[in-house]
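Below: one structure, written as structure tokens.
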Amino acid sequence: MRYNKRLGQCFLRDRNIVKKTVAVADINKNDTVLEIGLGKGILTKELAEQAKKVYVIELDRQLEPFAEEILSAYNNIHILWDDALKVDFNSLDFNKVVANLPYQISSPITFKLLKRDFDISVLMYQYEFAKRLTAKEGTKEYGRLSVAIQYLANVEFICKVSPNAFFPKPKVYSAIVKIIKRKPEDLLPLEDPIFFDDLLRALFQHKNKTIKRALINSSHEINMDREGIKKILNNLPLNNLDFDLNERVFKLSVEDMVKLCNLLYNEIKMD
Ligand code: SAM
């Protein structure tokens, strides 16, 4: 077959990695699993062995011969020939997600998943993306993606995966990440999630600068002019914070970001 690079078609061939991915998700016969990207079905078959039911979303109809073979061997697999970015996940009754993702949709598919409830997701990403997703404050990989995801979920870097685990062999390393979504009652209270997104964009455009400098330089991202934000920052009541505005952006934890966000939001609203 001709492998479609645009669709991220690097298929798993290392059975140990397949088994490890499924083991991390701790699949049992009560689980209904969503997989994104059938490929030749190596992961799908393992999931079908362990789970009650497996939904697979696959965009490329060229893979139909593999699907037919798999469907004749297992009666607990449902294939949806569609774009995973367009499928309504709420219409499917899965409680776990396991996938070797097409890397070009890593970010939108992860945020889409996080809009829905699930017990656990175990996803294969490009290594650099996985590092950014799971990075802690103070490290060079820590960025807007790290904060946005870790606000919503507990993420754990499981292991790095060599290009040799796939065919065709990708040019880059991969990594497995485990994601457990936070319960609504465990989320840090945010005054305004949209303002939080804007603030993260403003701050991380200058991640090595101080908070003050970053916000002045990117004040437009939070719909303010430079003089307006300077005035707000000069009067910000910082007594309840563990940091000051001269701290570097990349040193702030998720919790710090949320505190700063709520404080700024209230000051700007009152101004
Ligand atoms: N699960 C298989 C494996 O591990 O060998 C295939 C993984 S391969 C990295 C990604 C798969 O996702 C490919 O089969 C590709 O055709 C499919 N794919 C790419 N974009 C997609 C999309 N938007 N929606 C659904 N499937 C997609």
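Counting starts at 1 for both ligands and their atoms, in listed order.
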Any donor and acceptor pair, going by atom type alone, linking the side chain of Arg144 with main-chain N or O of Leu200 inside 3.5 Å? no

Once you round to the nearest 0.5 Å, how far does CG of Asn217 lie from CD1 of Ile229? 11.5 Å

Asn90 atom CG, neighbour heavy-atom count above 12 within 6.0 Å: yes

Is Asn4 close enough to touch ligand 1? Criterion: a residue heavy atom under 4.0 Å from a ligand atom. no

Should Leu85 be listed as contacting ligand 1, given a heavy-atom distance under 4.0 Å as the test? no

Return yes if some donor-acceptor pair links the side-chain N/O of Asn95 with the main-chain N/O of Asp119 below 3.5 Å, else return no. no

So if I count the atoms of ligand 1 from 1 in the order they appear, which ones are less than 4.0 Å from some heavy atom of Glu35? 1 (N)

Can you confirm whether or not the ring centre of Tyr265 sits under 6.0 Å from the ring centre of Phe196? no

Check whether Thr139 reaches the backbone of Ala135 with its side chain - one donor and one acceptor, N or O, closer than 3.5 Å. no

Quick one: which ligand 1 atoms are inside 4.0 Å of a heavy atom on Asp82? 24 (N), 25 (C)

For Ala84, counting its heavy atoms only, list the atoms of ligand 1 lying under 4.0 Å from any of them. 22 (C), 23 (N), 24 (N), 25 (C)

Side chain, backbone, both or neither: the part of Leu101 lying under 4.0 Å from ligand 1 by heavy atom: backbone

Just go through Leu43, Leu12, Asp83, Leu38 and tell me whose heavy atom is the nearest to atom 2 (C) of ligand 1. Leu38

Region of Met124 engaging ligand 1 - heavy atom pairs below 4.0 Å: neither

So does Glu128 pair up with Lys131, basic N to acidic O under 4.0 Å? no

Examine the proximity of ligand 1 to Ala99 and report which part, side chain or backbone, both or neither, has a heavy atom under 4.0 Å away. neither

